[in-house]
Amino acid sequence: MKRAFFCKPCVTTPIDEIWKDQPAPLIQKSIAHNLEFAGQSVDDKITSICSELTDTATDHYIITAPDNIAWLLNLRTIEDTASPGIKGFGIITPSNKNATIFTDVDYREFNHRQTTATEVDFLPLEDFPLSIHYLDTKQNIKIQISDHAPDWLTEHLNAPTLDIIVKPDPIAQLKSIKNNVEQDGIRASQKRDAKAIARAILRIKEGSNLTEKDCANILLEERKKNDLFRGVSFDTIAGWNANGAAIHGTPSDTIIEGNGLLLIDSGAQYDDGTTDITRTIAIGEPTQDMKEKYTLVLKAHIAMATAIFPNGTTGTQIDALVRAPLWNAGVDFAHGTGHGVGHFLNVHEGPCGISPRSNEPLRAGMFLSNEPGYYKEGAFGIRLENLALIQKYMDKNDPHNQTGKDLLCFETVTHVAFEETCIIREMLTPDELAWLDNYHSICG
């Protein structure tokens with residue numbers, strides 16, 4: 001099956017034509033993501049993938065996402081910690097449980113001892129087109145590619161005898177469910193990160209003549225004190241008052257002075273997990289409007305944190321629950337409520353999410369953000385973000401559960417207190433107050 005497109009493919013890259021002085025490609029070296037952090041061997045991962053592919057009688061499955069290759073091989077790169085994947089392509093053949101990886105990344109840290117029932121071969125990236133051409137000459141075979149794969153593949157796998165299956169990526173599905181070792185690492189990395197964030201917030205509050213850039217640097221300095229820190233998971237967002245209304249604003253030389261709100265969205269990569277946290281910090285005395293909107297965003301945040309829902313509920317359904325407190329007050333925010341998060345991988349990871357467009361069923365083990373917000377152009381911005389693991393709340397066979405499905409809930413793993421001076425406690429229900437007080441009791 002070929003995917004339709006309505007534009008002509010480019011023979012050359014237009015950006016290369018106009019960007020003549022671009023830097024040379026980054027040469028990456030991989031590091032091992034050991035079993036003590038990964039929790040599953042390469043052998044087990046390939047076997048799981050092959051099992052799924054065998055069910056659809058697939059002869060070859062082509063991997064195109066760098067984070068999928070890194071997850072499969074238990075490798076990471078750290079030259080750009082926001083994208084620690086392995087740049088390249090891969091072909092998995094279920095019949096002999098073989099994975100061939102085409103990459104120019106230095107893969108010498110790959111642990112072949114994790115492959116006993118399977119085999120992994122490495123070839124230069126330049127050999128990938130030739131291998132695709134070879135597959136294109138074969139007769140009556142099924143080749144599966146991701147629905148996010150480049151159109152280049154379908155353009156070059158066009159022999160009439162081929163059966164091209166375009167489906168959701170099986171690796172993306174598997175890696176979105178964090179195993180017990182990964183979950184333990186997530187909890188440990190979040191606690192470690194929380195201490196760094198708390199120290200940074202204290203320094204910011206006690207500082208003088210700090211700029212937005214200074215605040216980002218303070219966060220980095222505190223995180224660097226952790227032995228397992230590898231780098232940031234994305235460039236820090238910091239916005240004082242009106243600058244905070246820019247949802248993805250870049251830190252500037254604006255000085256933090258007077259009264260108002262400082263929005264800081266930041267994240268880190270640790271050997272045992274990825275973090276992403278947003279806190280809106282009060283400097284001086286926030287206005288009544290700021291406090292009211294902060295409390296509304298907090299109510300929305302608590303709505304997700306306390307949600308109980310059947311297995312298979314979509315992110316779209318949860319998104320509506322979260323926005324309800326804001327909608328009731330006549331306000332909203334123009335971004336998703338939550339995104340999937342990788343494990344020492346991309347801070348934005350599919351296929352799960354919480355947004356009006358997130359139709360992926362939610363399942364136990366998925367790891368997502370909870371980040372409602374409010375943005376008043378020219379005045380201030382508020383976002384309150386924690387990360388959460390989906391866990392089983394009640395078994396479907398429990399006599400108290402009449403849904404016929406397992407009931408799930410969110411385990412909040414970020415432990416950084418909210419801004420008490422911005423919370424109008426009278427606006428919170430008794431249940432919301434109970435959640436908030438319990439949450440603050442476990443924040444270090």
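Atom set for the values below is all heavy atoms of this structure, side chains included, hydrogens, waters and symmetry mates excluded.
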> Is the backbone N or O of Asn34 less than 3.5 Å from a side-chain atom of Asn74, with the two atoms forming a donor-acceptor pair by type?
Replying inline: no

> Got a sec: does the NZ of Lys205 have more than 12 other heavy atoms crowding it under 6.0 Å?
Replying inline: yes

>> Do Gln40 and Val181 have side chains that approach each other closer than 4.5 Å (heavy atoms only, starting at C-beta)?
In response: no

> With distance as the sole test, does Thr313 use its side chain to make a donor-acceptor pair with the main-chain N or O of Pro310 at under 3.5 Å?
Replying inline: yes

>> On the six-membered ring of Phe229, is Lys224 placed so that its NZ or CZ lies under 6.0 angstrom from the centre and within 45° of the ring axis?
In response: no

> When you measure from the centre of the six-membered ring of Phe344, is the NZ or CZ of Arg230 under 6.0 Å away and within 45° of the axis?
Replying inline: no

>> Check whether Asn241 reaches the backbone of Phe380 with its side chain - one donor and one acceptor, N or O, closer than 3.5 Å.
In response: no

> Is there a donor-acceptor pair under 3.5 Å between the side chain of Asn328 and the backbone N or O of Ala324?
Replying inline: yes

>> Rounded at 0.5 Å granularity, tell me how far CD1 in Ile302 sits from OH in Tyr439.
In response: 10.5 Å

> Does any donor atom in the side chain of Lys396 or Asn311 lie under 3.5 Å from an acceptor atom in the other side chain?
Replying inline: no

>> Can you give me the closest heavy-atom contact between Ala70 and Pro84, atom names plus distance?
In response: CB-O, 4.1 Å

>> Using only atom types and a distance under 3.5 Å, with no angle test, would you say the side chain of Thr274 pairs donor to acceptor with the backbone of Leu345?
In response: yes

>> Under 3.5 Å, is there a donor on one side chain and an acceptor on the other for Asp44 and Thr47?
In response: no

> Heavy-atom distance under 4.5 Å between the side chains of Leu368 and Cys352, does that happen here?
Replying inline: yes

>> Under 4.0 Å between a side-chain nitrogen and a carboxylate oxygen: does that hold for Lys291 and Glu285?
In response: yes

> Where the side chain of Gln183 meets the backbone of Asn180, is there a donor-acceptor pair that is under 3.5 Å apart?
Replying inline: no

> Checking ring pair (Phe, Tyr, Trp, His ring centres under 6.0 Å) for the pair His335/Tyr375: CA distance, chi angles, key distance, verdict?
Replying inline: CA-CA 11 Å; His335 57 75; Tyr375 309 91; 5.5 Å; yes

> Got a donor-acceptor contact below 3.5 angstrom from the Ser83 side chain to the Gly85 backbone?
Replying inline: no

>> Atom NZ of residue position Lys167 - does it have more than 12 heavy atoms of other residues, nucleotides or ligands inside 6.0 Å?
In response: no

> Charged N to carboxylate O under 4.0 angstrom, Asp104 versus Lys87?
Replying inline: no

> When rounded to the nearest 0.5 angstrom, what distance separates CG in Leu407 from CD in Gln402?
Replying inline: 10.5 Å

> With a 4.5 Å limit on heavy-atom distance, are the side chains of Ile197 and Lys195 in contact?
Replying inline: no

> Just wondering, do Pro150 and Glu155 contact through their side chains at under 4.5 Å, heavy atoms?
Replying inline: no

>> Using the rule given for side chain to side chain donor-acceptor pair (under 3.5 Å), can you reason through Asp398 versus His400, listing the C-alpha separation, both sets of side-chain angles and the distance that settles it, and then say yes or no?
In response: CA-CA 5 Å; Asp398 190 298; His400 296 94; 3.2 Å; yes

> Quick one: are the ring centres of His33 and His343 less than 6.0 Å apart?
Replying inline: yes

> Counting heavy atoms not belonging to Asn438, are there more than 12 under 6.0 Å from its CG?
Replying inline: yes

> Just checking, any donor-acceptor pair under 3.5 angstrom between side chains of Ser233 and Gln269?
Replying inline: no

>> When you compare the side chain of Ile31 with that of Leu75, does any pair of heavy atoms fall below 4.5 Å?
In response: no

>> Is it true that, when you exclude Asp16 itself, more than 12 heavy atoms of the residues, nucleotides or ligands shown sit nearer than 6.0 Å to its CG?
In response: yes

>> Tell me if the CD1 atom of Ile442 is crowded by more than 12 foreign heavy atoms within 6.0 Å.
In response: yes

> Does the ring center of His301 lie less than 6.0 Å from the ring center of Phe418?
Replying inline: yes

>> If only side-chain N and O atoms count, and only distance matters, is there a donor-acceptor pair under 3.5 Å linking Tyr61 with Asp169?
In response: yes

>> Taking Arg223 first and then Asp193, would you say they form a salt bridge - that is, a charged N and a carboxylate O separated by under 4.0 Å?
In response: yes

> Just how far is it from atom CG of Asp406 to atom NZ of Lys392, taken to the nearest 0.5 Å?
Replying inline: 4.0 Å

>> Salt bridge check, Lys178 against Glu349: does any charged N sit closer than 4.0 Å to a carboxylate O?
In response: yes

> Where the side chain of Thr414 meets the backbone of Leu387, is there a donor-acceptor pair that is under 3.5 Å apart?
Replying inline: yes

> In terms of side-chain geometry, is the basic nitrogen of Glu221 or Arg203 positioned less than 4.0 Å from the acidic oxygen of its partner?
Replying inline: yes

> Side chains of His148 and Thr64: closer than 4.5 Å at any heavy-atom pair?
Replying inline: no

>> Are there over 12 heavy-atom neighbours, none belonging to Glu377, within less than 6.0 Å of that residue's CD?
In response: no

> Rounded to the nearest 0.5 Å, how far does CZ of Phe333 lie from CD of Glu371?
Replying inline: 8.5 Å

> Stepwise, does the side chain to side chain donor-acceptor pair (under 3.5 Å) test hold for Ser355 with Ser358?
Replying inline: CA-CA 5 Å; Ser355 81; Ser358 299; 2.8 Å; yes

> Quick one: does Tyr294's side chain get under 4.5 Å of Leu384's, heavy atoms only?
Replying inline: yes

> Does Arg192 come within less than 4.0 Å of Asp272, counting only side-chain N to carboxylate O?
Replying inline: yes

> Taking it one step at a time, do Phe89 and Phe128 satisfy ring pair (Phe, Tyr, Trp, His ring centres under 6.0 Å)?
Replying inline: CA-CA 7 Å; Phe89 297 92; Phe128 181 67; 4.3 Å; yes

>> Using a 3.5 Å distance criterion without hydrogens, assess whether the side chain of Thr337 forms a donor-acceptor pair with backbone atoms of Pro372.
In response: no

>> side chain to side chain donor-acceptor pair (under 3.5 Å), that's the test. Do Arg76 and Gln28 meet it? Break it down for me.
In response: CA-CA 10 Å; Arg76 301 291 188 268; Gln28 293 182 300; over 6 Å; no

> Would Ser252 and Asn243 satisfy side chain to side chain contact (heavy atoms under 4.5 Å, CB included), going step by step from the backbone distance to the final call?
Replying inline: CA-CA 9 Å; Ser252 70; Asn243 291 345; 3.8 Å; yes

> Do the charged groups of Arg279 and Glu419 touch, with an N to O distance under 4.0 Å?
Replying inline: no

>> Using ring centroids (six-membered ring only for Trp), state whether Phe309 and Phe410 fall under 6.0 Å.
In response: yes

> More than 12 heavy atoms of other residues, nucleotides or ligands under 6.0 Å from CG of Asp235: is that the case?
Replying inline: no

>> Using 0.5 Å steps for rounding, measure from the CH2 atom of Trp435 to the OG1 atom of Thr306.
In response: 8.0 Å

>> Using the rule given for side chain to side chain contact (heavy atoms under 4.5 Å, CB included), can you reason through Asp265 versus Asp276, listing the C-alpha separation, both sets of side-chain angles and the distance that settles it, and then say yes or no?
In response: CA-CA 7 Å; Asp265 186 352; Asp276 183 1; 3.1 Å; yes

> Thinking salt bridges, do Lys376 and Asp289 make one under a 4.0 Å N-O criterion?
Replying inline: yes

> What's the verdict on side chain to side chain donor-acceptor pair (under 3.5 Å) for Asp319 and Thr316, showing C-alpha distance, side-chain angles and the deciding distance?
Replying inline: CA-CA 5 Å; Asp319 184 77; Thr316 300; over 6 Å; no

>> With a 4.5 Å cut-off on side-chain heavy atoms, are Gln317 and Thr314 touching?
In response: yes

> How long is the gap from CH2 on Trp71 to CG on Leu174, to the nearest 0.5 Å?
Replying inline: 5.0 Å

